[in-house]
Amino acid sequence: MARPDNCVVVIFGASGDLTKRKLVPALFALYLQNELPEQFAVLGTSRTPISDIDFQKRTVEDVKTFSSIKSIDRKKLSEFSKNFHYQSLDATNANEYEFLKKRLSDLSIKTKSKENYLYYLSTSPTLFPTIAENLGKKGLQKEKNGTGWKRIIVEKPFGRDLKTARGLNARLQKYFHEDQIYRIDHYLGKETVQNIIAFRFANGIIEPLWNRNFISRVEVTAAESIGVEERGGYYDHYGALRDMVQNHLLQVVGTIAMEPPPIFDATAVRNETVKVFQSLKPIKPDEVRKYVVAGQYVASKIRGESVPGYRDEKDVAEDSRTPTFVALKIFIDNWRWGDVPFYIRTGKRLPTRVTEVVIYFKKTPHHLFAANGDPNIGCNQLIIRIQPDEGTVLKFGIKTPGSGFNIEDVSMDFHYSQLTNTHIPEAYERLILDCMFGDATLYARIDAVEACWRFVDPILSVLEKHSRAKIYGYPAGTWGPMESHKLFDSPKDDWRYPCNNLATEGESCEL
Ligand code: BG6
């Protein structure tokens, strides 16, 4: 298998959580599979002064703690860590980039990288433009004579709204061209999200059914059982709509709803997803109440244990109105999807962790067996399980064996766990490798980011600026506010998840 060009990866924010939890384990997994360049170096930077040796020791510990690889070969891990180096850097101080430049040049010579540099911005978002500008001022973004590529991966969040996203982009593009900028959305790096595209366009039987003539509704759910944990400071400033919907879940909607691209490359694929975002039917301020339900978890007991409410979490304002749950009913105004509702919901402190897409197919035009039971039986559903227990399930009705003509629902399941010896790469593995190859297909293009903000902004402004906007409290461990159940208006008397709420205390309320 082809390997990327030798290169140096610079991680800004090397002492942060993302580096140890995601980036280092992803690089290690790629290393074990011989997918990294033959020669490479990782240069960690952050303010804390530490030596190369200490950074290497930390790398070993991070892999041991956070890698999902079961038995780690200690010799390989030690070899891997030797590629790690460290440079302390105050990212806001342009003069210090001189040291960075020197370090990069040395590492480039050592690894025969011909000045191929991948910059990974894993710092606080406020530093993104400053780092890009400081790199630019030292000429560290310049690609000379066709050799020495320079790429910059920008972590989320990409702005807080349309205006700030545009502002950030303008500052990045002052020095970097659009094709050097890789805006990460780790949902696009998930194997199961990519598989939506393969499932649709590599199977002849799917695409003819994939439209408003056969599909009655689509549901996209991303439920998390955890709360905001240590991230209260960030989260309270962003909330569920920015944290999950504007980026991850709309990108999932993009893969579900896009037209087939003429070829499979970054431009063609992203041209199609951006059309979906541009076709999202705007939710006007006076429609927000009809199409959006926002909630925030309140204290409860789960399996006998007290669970704090969102407002009791560290670094969260005690009168915060930041939603930790949001449900939306949206429409895509085009020929394929006109009038088909897409229901999106996401929340923290829900009863379980599950991300999935459910496609509901229309009922048969004539209910031949309705007299023999539930008329909704045999209403086909395709469930794309993004995580955990990744897979695909098709539900369909069969005749119950025996007398009469009773129909019951059964399912045909595929689980990724059934594939033997197949490693499902973590999102960050795929995305880092793609960036090394210069393939931006699974990264968000600026027009898509802007289109998503354009859709989300009016909703945010109602929820945040309108004093009468309703935010409902839901007890931690339940499936969100009751109002969201009404919004979803499920075809069965319940939604796909039975109301298996875990909470035994706490009440729904209006905050
Ligand atoms: C992140 C959000 O982007 O995605 C988190 O900031 C969220 O709040 C996470 O928990 C969910 O990612 P995943 O891969 O666990 O679904």
Side-chain angles (χ1 to χ4, degrees), residues 13 16-23 25-26 29 66-68 120-126 128 153-160 165 182-196 220-255 294-297 310 313-316 320 322-326 344-357 384-391 416 424-432 442-444 449 452-453 456 460 476 480:
D17 235 35
L18 184 79
T19 304
K20 63 180 175 213
R21 285 176 187 274
K22 299 288 180 189
L23 306 185
F66 296 109
S67 169
S68 57
Y120 199 117
L121 307 193
S122 162
T123 58
S124 148
T126 51
F128 296 165
I153 299 185
V154 187
E155 255 301 328
K156 63 163 286 214
F158 201 90
R160 267 193 97 244
Y182 290 69
R183 295 173 200 83
I184 212 158
D185 186 315
H186 79 280
Y187 263 58
L188 288 176
K190 290 184 190 281
E191 191 61 45
T192 38
V193 173
Q194 293 156 42
N195 190 48
I196 296 173
V220 180
T221 299
E224 294 184 274
S225 49
I226 53 170
V228 287
E229 304 195 299
E230 295 300 307
R231 299 165 69 229
Y234 148 80
Y235 196 89
D236 209 31
H237 198 50
Y238 283 82
L241 201 54
R242 291 190 179 89
D243 188 51
M244 289 293 291
V245 177
Q246 181 274 340
N247 41 26
H248 306 326
L249 300 186
L250 286 183
Q251 288 289 352
V252 172
V253 169
T255 59
Q296 187 189 86
Y297 60 86
Y310 175 70
E313 303 274 18
K314 193 167 143 241
D315 300 328
V316 170
S320 171
T322 301
T324 58
F325 174 99
V326 66
I344 300 180
R345 79 185 135 191
T346 181
K348 297 217 180 265
R349 282 274 186 231
L350 301 189
T352 189
R353 173 176 180 248
V354 62
T355 303
E356 64 180 25
V357 176
I384 301 170
R385 177 63 77 87
I386 291 172
Q387 65 192 21
D389 187 17
E390 293 80 356
Y416 276 75
I424 303 184
E426 289 282 333
Y428 282 91
E429 290 174 41
R430 171 70 197 242
L431 293 172
I432 293 172
L442 301 175
Y443 283 86
V449 174
C452 292
W453 278 124
V456 162
L460 281 169

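We count ligands from 1, going down the list as the structure has it; atoms in each ligand are counted the same way. Quick caveat, the model's predicted, so the values are computed rather than measured.
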Under 4.0 Å from any heavy atom of [X], which atoms of ligand 1 are there?
X      : value
Lys190 : 13 (P), 14 (O), 16 (O)
His248 : 1 (C), 3 (O), 4 (O)
Asp243 : 2 (C), 5 (C), 6 (O), 8 (O)
Arg353 : 15 (O)
Arg231 : 2 (C), 5 (C), 6 (O), 8 (O)
Lys156 : 1 (C), 2 (C), 3 (O), 6 (O)
Lys348 : 5 (C), 7 (C), 8 (O), 10 (O)

For [X] versus [Y], what's the shortest heavy-atom pair and its separation?
X      : Y      : answer
Pro25  : Lys20  : CD-O, 3.2 Å
Tyr234 : Pro157 : CE1-CG, 4.3 Å
Leu188 : Gln194 : O-NE2, 3.2 Å

Does a side chain donor of either Glu155 or Ser122 reach within less than 3.5 Å of an acceptor in the other side chain? no

Q. Between Asp236 and Tyr310, does any side-chain donor sit less than 3.5 Å from a side-chain acceptor?
A. yes

Between Asp243 and the options His248, Lys156, His237, the side-chain hydrogen bond (donor to acceptor under 3.5 Å, both in side chains) test singles out Lys156

Item checked: Trace of the side-chain hydrogen bond (donor to acceptor under 3.5 Å, both in side chains) decision for Gln246 with Tyr238 -> CA-CA 11 Å; Gln246 181 274 340; Tyr238 283 82; over 6 Å; no

Discussion item. With a 6.0 Å cut-off (strictly less than), is the heavy-atom count around CD of Glu390, excluding the residue itself, greater than 12?
Written reply: yes

Of all protein heavy atoms, the one nearest atom 11 (C) of ligand 1 is Glu224 OE2, 3.9 Å

Atom 4 (O) of ligand 1 sits nearest the protein heavy atom His186 CE1, 3.4 Å

Any Tyr187 heavy atom less than 4.0 Å to ligand 1: yes

### Message
For ligand 1, which is the ligand I care about here, please tell me if Tyr235 has any N or O atom under 3.5 Å from one of the ligand's N or O atoms.
### Response
no

Under 3.5 Å, N or O to N or O, is Thr355 touching ligand 1 that way? no

Honestly, for Glu426 the part within reach of ligand 1 (heavy atoms, under 4.0 Å) is neither

Taken to the nearest 0.5 Å, the spacing of Gln251 CD from Tyr443 OH works out to 13.0 Å

